Amino acid sequence: MLNFFKKNQNKDIQTDANKASLKDRLSKSKRRLGDGLSSILIGKKQIDDELLDELEILMISSDIGIQTTDKIIESVRKKASRKELKDGDSLYQLIKIELEELLVHNNLLEPVSDSTFVILVVGINGAGKTTTIGKLAKSFQSQGKTVMLAAGDTFRAAAVEQLQIWGERNNISVVAQKTGADAASVVYDAYQSATAKKIDVLIADTAGRLHTQDNLMQELEKIKRVLKKHNENTPHETMLVIDGSSGQNALQQAKEFHKSIKLSGITVTKLDGTAKGGVLFAISDALNLPIRFIGVGEAIDDLKPFDAEEFVNALFD
Ligand SMILES: Nc1nc2c(ncn2[C@@H]2O[C@H](COP(=O)(O)OP(=O)(O)OP(=O)(O)O)[C@@H](O)[C@H]2O)c(=O)[nH]1
Ligand SMILES: [Mg+2]
């Protein structure tokens, strides 16, 4: 987080390296999943059990997860036995379509509300919450929206200070209290200030935590409870940020956080530099929740609104 804020203090200029296409950023996952599937399937004349077994192994090893893989393989088997699939090429196209369908929810997060739109950001340590908040804040600001941040990570002095410094430099107000303060009180203060000032979007940062840390999970519930007491529609978005490079652990985290505090959307970071991008299919399928954004690098423009078709094309074409 510190690096991101330091690197972006005065410049939001993209270097050439940062302008790499989504396909380049996702190249490791593309190599494993898209290229892997194509090497197994393309040019195959016959779809037999051996080929389906190979396909299953590849999908599981691409982090699509056992359950989601089973579901797709079963559907493929049915189609193959009904002779609806003539060869490996048509199977490749079918897998691509079925995978894309898993990702389609109402993915776009549009911060529209009568009053301030509130986004509560949660996740484990180091997942990329604060970085994502910085990127999101700049993106909303560039869309002409007014943004305020709540420094709800009250655990570390550095966390509060960095957010404040970054806010000052970027003309984004940050509501904070001292280290150790009650996170729910910080978020509520910020909410009051944001509504009074008619701010469009309030984004609340929180400290990293594991779902097994009951007291910390209760703190998140408290933040939600306090907000709801004053406006039952808030937070409009409870967004989990997960590190995509943690693969199946990311899936597990998403399930556990959703069980505890009911999420409304997920952002997956660090998809640059990992071959585990297939986990998005597993998460989207298992939780039936929209993927909102994907992080594909450390620079400010490296957070992309998630588009299922674009993502699948980047992995397959
Ligand atoms: N390569 C890459 N790095 C990222 C991405 N998103 C975040 N990071 C890096 O991940 C590290 C951790 O990010 P933070 O935003 O501090 O994570 P956090 O969830 O706020 O962490 P805590 O506050 O400690 O819980 C930083 O070094 C970020 O630059 C991404 O999409 N790609
Ligand atoms: Mg943080």
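For ligands, and for the atoms within them, numbers begin at 1 and follow the listed sequence. If you're wondering where the values come from, they're calculated on a predicted model, not measured in any experiment.
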So is Thr131 polar-close to ligand 1, meaning N/O to N/O under 3.5 Å? yes
Could you tell me, atom by atom, which parts of ligand 1 come under 4.0 Å of a heavy atom of Gly208? 25 (O)
Polar contact flag, side-chain donor to acceptor under 3.5 angstrom, Asp243-Thr269: no
If only side-chain N and O atoms count, and only distance matters, is there a donor-acceptor pair under 3.5 Å linking Tyr188 with His230? yes
Out of Arg209, Lys304, Glu298, the nearest non-hydrogen contact to atom 29 (O) of ligand 1 is supplied by Glu298
Ligand 1 atoms nearer than 4.0 angstrom to some heavy atom of Gly295 are 31 (O)
Return the option from Gly126, Gly123, Gly273 holding the heavy atom at the smallest distance from atom 12 (C) of ligand 1. Gly126
Heteroatom distance test (Arg156, ligand 1): nitrogen or oxygen, under 3.5 angstrom: yes
Taking only heavy atoms of Val296 into account, list the atoms of ligand 1 that are under 4.0 Å away from them. 31 (O)
Before signing off on this row, confirm whether Ala207 and ligand 1 have an N or O atom pair separated by under 3.5 Å. no
Going by distance alone, is a donor N or O of one side chain under 3.5 Å from an acceptor N or O of the other, for Asp189 and Gln177? yes
I need the minimum non-hydrogen distance between Ala127 and Val241, along with the two atoms involved. CB-O, 3.3 Å
Could you give me the CA-CA distance, side-chain angles and deciding distance for Lys30 and Asp35, then say whether side chain to side chain contact (heavy atoms under 4.5 Å, CB included) is met? CA-CA 6 Å; Lys30 173 185 162 25; Asp35 298 354; 2.8 Å; yes
Are any of the heavy atoms in Ala159 under 4.0 Å away from ligand 1? no
I'd like to check which ligand 1 atoms, numbered from 1 as shown, lie under 4.0 Å from a non-hydrogen atom of Asn125. 24 (O), 25 (O)
Residue portion contacting ligand 1 (non-hydrogen atoms closer than 4.0 Å) for Asp153: side chain
Going by distance alone, is a donor N or O of one side chain under 3.5 Å from an acceptor N or O of the other, for Glu237 and Ser264? yes
Closest to atom 25 (O) of ligand 1 (judged by heavy-atom distance), picking from Lys129, Gln162, Lys270, Arg25: Lys129
Donor-acceptor pair, distance only, cut-off 3.5 Å: does the side chain of Ser62 make one with the backbone of Ile64? no
Looking at Thr154, Asp153, Val160, which hits side chain to side chain contact (heavy atoms under 4.5 Å, CB included) with Arg156? Asp153
Would you tell me whether Asp87 and Ser90 have side-chain atoms, one donor and one acceptor, within less than 3.5 Å of each other? yes
Answer yes or no for Thr130: is there an N/O/S atom below the 2.8 Å cut-off from the Mg ion (ligand 2)? yes
Ligand 1 atoms nearer than 4.0 angstrom to some heavy atom of Asp272 are 1 (N), 2 (C), 30 (C), 31 (O), 32 (N)
